[in-house]
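What follows is a set of notes on a single structure, which appears directly below.
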Amino acid sequence: MVGTDPLDVDPLLTGGKLLCPGCAGELRPRGYARGRGVREKNRVVAVHPGRSAGSQCRCPHMLLPVSTLVRRADAVAVIGQALLANAGGSGNRAIAVLLGRLVSTVRGWLRRVRCSR
């Protein structure tokens with residue numbers, strides 16, 4: 001996760017200022033991944049993640065905006081709101097109604113956080 005604005009991230013990538021987490025070499029641009037929609041509270045935002053690879057290891061990496069999570073259709077702010085509501089004592093169903101999401105989706109977020117502790 002590198003930033004929210006491609007105009008800020010692209011110069012870092014092309015200037016060799018982003019490092020590969022695997023080999024610590026420069027990340028080199030490799031185009032863009034297929035666009036996808038990320039659900040915020042009341043709208044869907046189009047995201048086109050960048051692709052890159054380490055200069056030494058050639059391992060591929062996706063450059064996601066900080067407002068998104070890997071393999072999640074919902075924005076960080078929405079999932080964070082669910083976690084805060086749960087910490088405040090709200091259950092799966094109440095959070096699902098609050099956010100306009102399926103109960104199974106909210107249950108999955110909360111279960112995932114519990115498993116990663």
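Only a predicted model underlies this, so the values are computations on that prediction, with no experimental measurement involved.
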Approximate separation, where rounding is to 0.5 Å, of Arg71 CZ and Arg112 CZ: 9.0 Å

Hydrophobic clusters here meaning ILVMFWY residues chained together by side-chain heavy-atom distances under 4.5 Å, can you tell me if Leu102 and Val78 are in one? no

Note: Ala53 and Arg30 closest approach over all heavy atoms is CB-NE, 3.4 Å

Less than 3.5 Å apart, which donor and acceptor atoms pair up between the side chains of residues 86-93 and the rest of the protein, not counting sequence neighbours?
from: Asn86; atom 1: ND2; to: Ser90; atom 2: O; distance (Å): 3.2

Mind listing the closest non-hydrogen atom pair of Asp74 and Arg101 along with its distance? OD1-NE, 2.6 Å

I would like to know whether Leu99 and Thr105 meet side chain to side chain contact (heavy atoms under 4.5 Å, CB included); could you show each step before the answer? CA-CA 11 Å; Leu99 298 176; Thr105 299; over 6 Å; no

Kindly compute the distance separating CD (Glu26) from CG (Leu18), expressed to the nearest 0.5 Å. 9.5 Å

Could you tell me which non-hydrogen atom of Leu27 sits nearest to which non-hydrogen atom of Gly54, and how far apart they are? CD2-N, 3.9 Å

Taking all non-hydrogen atoms of both residues, which atom of Ile95 and which atom of Leu110 are closest, and how far apart? CD1-CD1, 4.3 Å

One should read off an interatomic distance between Arg34 CZ and His48 NE2, to the nearest 0.5 angstrom, of 11.0 Å

Testing the basics here: between Glu40 and Ala75, what is the closest heavy-atom pair and its distance to 0.1 Å? CG-CB, 4.0 Å

Are Val113 and Ile79 connected in the hydrophobic side-chain network, where two residues link if heavy atoms are under 4.5 Å apart? yes

Report the C-alpha separation of Val44 and Val38 in whole Å, then their side-chain angles, then the decisive distance to 0.1 Å, and conclude whether the side chain to side chain contact (heavy atoms under 4.5 Å, CB included) test is met. CA-CA 5 Å; Val44 176; Val38 176; over 6 Å; no

Report the C-alpha separation of Leu69 and Trp109 in whole Å, then their side-chain angles, then the decisive distance to 0.1 Å, and conclude whether the side chain to side chain contact (heavy atoms under 4.5 Å, CB included) test is met. CA-CA 12 Å; Leu69 294 172; Trp109 296 338; over 6 Å; no

Between His61 and Cys20, does the side chain to side chain contact (heavy atoms under 4.5 Å, CB included) criterion hold? Intermediate values first, please. CA-CA 8 Å; His61 298 282; Cys20 175; 3.3 Å; yes

Can you confirm whether more than 12 heavy atoms, excluding those of Lys41, are under 6.0 Å from its NZ atom? yes

Where is the tightest heavy-atom contact between Met62 and Pro49, given as atom of each residue plus distance? CE-CB, 3.7 Å

